[in-house]
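Note on naming: letters A, B, ... go to the chains in the order of the sequence lines (proteins, then strands), and numbering restarts at 1 for each one.
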Amino acid sequence: MTGMVALYIFMLAAFTGYEVISRVPVILHTPLMSGSNFVHGIVLVGAMVALGGAHTPLEKTIGFIGVLLAAGNAVGGYVVTERMLEMFKSSGARAGGKKGPH
Amino acid sequence: MPAGISAELAIQASYFVTAVLFIVGLKRMSSPVTARSGILWAGAGMAVATLITFLYPGMSNYGLILPAMLIGGVLAWWSGKRVAMTNIPQMIALYNGMGGGAAAAIAAVELYRGGTEGYASTTLAVAGGIIGAVSFSGSGIAFGKLQGLITRSIRFRGQQLLNLLLLAAALLLGALVAAQLDASLAVVTGFFLLALVLGLTMTLPIGGADMPVVISLYNALTGLAVALEGFVLNNAAMIIAGTVVGSAGTLLTQLMAKAMNRSLGNVLFSGFGDTGTAATGEVSGSLKPIEASDAGVMMAFASKVIVVPGYGMAVAQAQHKVWELCQLLIDRGVQLRFAIHPVAGRMPGHMNVLLAEAGVPYDLISDLDEINAEFETADVALIIGANDVVNPVARTDKSSPIYGMPILNADKAKNVIVIKRGKGAGFSGIENALFYLDNTRMLYGDGQKAAAELIQAIKAVG
């Protein structure tokens, strides 16, 4: 990947992120922040590659911490986002099994 | 075709699929109807990318990679599954900080082993390193504050100067490394330590009330750091996902700051946000109490009721009782809506999550712009655990710290019932003029108990 191509990817991805979020209702701000937090958990693949290429004990230690943290980011981000969004239901969806509150 | 090339092709193709799945997932997450499927799409993308990375050519240390993934993943799974919905904001901060730390760790490994080639690559590694490290330690402080581990906001004279010096020193060492003048162990280590300390000293003076904006900012910064390390590793999935989060997070941060009537610069550099500056402004009139039975009758015979919940409701764990009360009213034919202020809860949108947990359908919930015109036609506005967000002083009193903040026009309703634990000012320490209006009645008591009494009163009406 040449520098210019990388720059184009950066620019287009930045606009994509802006457009995707720009019309989001306030009711979804917290789940969406959590969801985007999950998406940058992709750092896991980079951490795996970095640890995969580490040689000295220092590099291996930092790489190990990196993979551990990145896995936490990805898994934790997924779990809390999924838990939140799973609860969002419309009146129509509830009408069938109207379960009483506790 | 040699095995190395086909593996390379499979990896690139998979990363492409991952990027598409992430963008589609985020897009679907921006509407309540499709949001649930959005996280599943994004999750599938993550699984694809993670699995294919094991085929990366020239990888070793699998004996370290797998246990690290297992430890990090299991701990996060366990903590994410059991955290209460009220504590979601600090968990987002925690997981976000981990991502920032991972980006910094990638930079550290690459810089220590001399894995970067050329000025551009080294500069990007350094930039991602400092941003990731600041996000890591800063998010840690944000977590500590919201979790109640750090209760004081440490401020002293010259704090901004100290931060500036730390930043300058970190940048200087970073420049030495990037310009390939001195990339010795000591310089690289010093660079990362300075960046970590900067994250601490930047975040410590910021008050708890401003933390959501700060977390959102660090979320965007982590995205950017991930993208920068993606350039270093020539990894398209990281570049695209990181950049998308970076720009989306920046926009989200601006939206949040605007909803809280604060500018980002104000949040970061003013060191306000957890103390009521001055409880100024005298309010005339008196507080008029009401019995639950009378309030219940009033609501039972109303044609339109708007409920305004605040974080106090969640603290009292009253959301289930409130929803039970609302269902009774709906069954009686009362037109019922929930009005949510953008900063209700501990971060924008948090109250919606708490109501969703209690079982409230999202189509009954309206935000400020949708509902404000409707208060005039409402018979009853029921305020529970909310205070500053319904204080009409924000519209009228220029000397008030909350002046200019958009508020819910609950005072325009024909009757206002306020459920409140006791007499006292709000979160910001400002007297609430709404409580003293002629059409306002105070229902004193714990949120959960008061809601239960209202339920009894409405059932008694029959």
* **Which portion of B:Ala120 sits near chain A, non-hydrogen atoms under 4.5 angstrom** => neither
* Structure fact -> Heavy atoms of B:Ile65 and A:Met48 approach each other most closely as CD1-O, 3.6 Å
* Asked: Using non-hydrogen atoms only, which part of A:Thr61 is less than 4.5 Å away from chain B: side chain, backbone, both, or neither?
  -> neither
* Flag side-chain contact, heavy atom, 4.5 Å: A:Val43 against B:Glu229 -> no
* State, with a plain yes or no, whether a side-chain heavy atom of A:Phe15 is found less than 4.5 Å away from one of B:Val244. => no
* Using a cut-off of under 4.5 Å for heavy-atom pairs, which of A:Ile42, A:Val67, A:Val20 has the most such pairs with chain B? -> A:Ile42
* Heavy-atom distance under 4.5 Å to chain A: side chain of B:Glu110, backbone, both or neither? -> side chain
* To do: With a 4.5 angstrom heavy-atom cut-off, could you sort out which part of B:Val74 is near chain A: side chain, backbone, both or neither?
  => neither
* Tell me, for B:Ser79 versus chain A, whether the close heavy atoms (under 4.5 Å) come from the side chain, the backbone, both or neither. => neither
* Tell me, side chain or backbone of B:Leu233 under 4.5 Å from chain A's heavy atoms, or both, or neither? -> side chain
* **Closest heavy-atom pair and its distance - A:Ala50, B:Val109** => O-CG1, 3.7 Å
* Select one option (side chain, backbone, both, neither) describing which atoms of B:Leu111 are under 4.5 Å from chain A's heavy atoms. => neither
* Can you find a heavy atom in the side chain of B:Ile71 that is under 4.5 Å from one in the side chain of A:Phe64? -> yes
* Step-by-step side chain to side chain contact (heavy atoms under 4.5 Å, CB included) determination, B:Ile240 to A:Thr16 -> CA-CA 9 Å; B:Ile240 294 171; A:Thr16 305; over 6 Å; no
* To do: Against chain A, work out which of B:Met46, B:Lys27, B:Met59 has the most heavy-atom pairs shorter than 4.5 Å and name it.
  => B:Met46
* **Contact summary for B:Asn235 and A:Val45, nearest pair of heavy atoms** => ND2-CG2, 3.5 Å
* Heavy atoms only: give me the nearest A:Gly76-B:Ala76 pair and the separation to one decimal. => N-CB, 3.5 Å
* Between B:Leu185 and chain A, which part of the residue has a heavy atom less than 4.5 Å away: side chain, backbone, both or neither? -> side chain
* Asked: Where do A:Thr56 and B:Tyr112 land on the side chain to side chain contact (heavy atoms under 4.5 Å, CB included) test, with the steps shown first?
  -> CA-CA 9 Å; A:Thr56 67; B:Tyr112 279 133; 6.0 Å; no
* Asked: Under a 4.5 Å heavy-atom cut-off, does chain A meet the side chain of B:Leu75, its backbone, both or neither?
  -> neither
* Asked: When rounded to the nearest 0.5 angstrom, what is the spacing between OH in A:Tyr18 and CG in B:Leu251?
  -> 5.0 Å
* Proximity breakdown for B:Thr18 and chain A, heavy-atom pairs closer than 4.5 Å -> side chain
* Asked: Is there a side-chain contact between A:Met84 and B:Ile39 (heavy atoms, below 4.5 Å)?
  -> no
* Asked: Parallel, tilted or perpendicular: which fits the ring planes of A:Phe38 and B:Phe22, with parallel below 30° and perpendicular above 60°?
  -> perpendicular
* **Donor-acceptor contact below 3.5 Å, side chain B:Arg36 vs main chain A:Phe88** => no
* Indicate the atoms forming the closest heavy-atom contact of B:Asn219 with A:Asn37, along with that distance. => OD1-CA, 3.4 Å
* Segment of B:Met351 engaging chain A (4.5 angstrom heavy-atom cut-off) -> neither
* To do: Verify side chain to side chain contact (heavy atoms under 4.5 Å, CB included) between A:Leu85 and B:Met29, making sure each step is shown before the conclusion.
  => CA-CA 9 Å; A:Leu85 292 176; B:Met29 271 187 252; 3.9 Å; yes
* To do: Could you pull out the closest heavy-atom pair between B:Leu252 and A:Ile21, with the gap in Å?
  => CD1-CG2, 4.1 Å
* **Largest heavy-atom contact set with chain A, pairs under 4.5 Å, which of B:Ile88, B:Ile340, B:Thr250** => B:Ile88
* Most chain A-contacting option - heavy-atom pairs closer than 4.5 Å, from B:Val232, B:Asn61, B:Leu26, B:Asp367 -> B:Asn61
* To do: Taking the side chain as every heavy atom from C-beta outward, state whether A:Ser90 and B:Val33 have any pair of such atoms under 4.5 Å apart.
  => no
* Heavy-atom pair count under 4.5 Å with chain B, highest-scoring of A:Leu51, A:Leu44, A:Val24, A:Val80 -> A:Leu51
* **Option that, when pairs with chain B are counted at under 4.5 Å, heavy atom only, ranks first among A:Glu86, A:Glu59, A:Lys60** => A:Glu59
* Structure fact -> Counting heavy-atom pairs under 4.5 angstrom with chain A, the leader among B:Trp77, B:Phe136, B:Trp78, B:Tyr95 is B:Tyr95
* Structure fact -> Honestly, the part of B:Tyr56 sitting under 4.5 Å from a heavy atom of chain A is side chain
* Asked: Relative to chain A, which segment of B:Tyr15 carries a heavy atom at a distance below 4.5 Å: side chain, backbone, both, or neither?
  -> side chain
* Minimum side-chain heavy-atom gap B:Pro32-A:Leu28 below 4.5 Å -> yes
* Asked: Would one find more than 12 heavy atoms of other residues, nucleotides or ligands at under 6.0 Å from atom OH of A:Tyr8?
  -> no
* Structure fact -> Ranking A:Leu58, A:Leu12, A:Ile65 by heavy-atom pairs under 4.5 Å to chain B gives rank one to A:Leu58
* Asked: Looking at A:Val75, A:Thr81, A:Ile62, A:Thr30, which one has more heavy-atom pairs under 4.5 Å with chain B than the rest?
  -> A:Thr30
* For side chain to side chain donor-acceptor pair (under 3.5 Å), just list the numbers for B:Asn352 and A:His29, CA-CA rounded to whole Å, side-chain angles, deciding distance to a tenth of an Å, and then say yes or no. => CA-CA 9 Å; B:Asn352 305 79; A:His29 275 185; over 6 Å; no
* Asked: Which bit of B:Arg28 is near chain A, if near means a heavy-atom gap under 4.5 Å: side chain, backbone, both or neither?
  -> neither
* Could you check which of A:Pro31, A:Gly63, A:Ala54, A:Ala74 has the highest count of heavy-atom pairs closer than 4.5 Å to chain B? => A:Ala54
* Checking B:Pro212 against chain A: side chain, backbone, both or neither under 4.5 Å from a heavy atom? -> backbone
* Out of curiosity, B:Leu40 CG to A:Glu82 CD, how far, rounded to the nearest 0.5 Å? -> 6.0 Å
* Atom CD of A:Glu19 and atom OG of B:Ser247: how far apart are they, to the nearest 0.5 Å? -> 9.5 Å
* **Straight-line distance of A:Ser36 OG to B:Asn96 CG, nearest 0.5 Å** => 8.5 Å
* **Which of B:Met91, B:Met85, B:His350 touches chain A most, by non-hydrogen pairs under 4.5 Å** => B:Met85
* Asked: Is the side chain of B:Arg113 donor-acceptor paired with the backbone N or O of A:His55 at a distance under 3.5 Å, no angle test?
  -> no
* Structure fact -> Residue from B:Pro67, B:Gly101, B:Gly99 scoring the most non-hydrogen pairs under 4.5 Å with chain A is B:Gly99
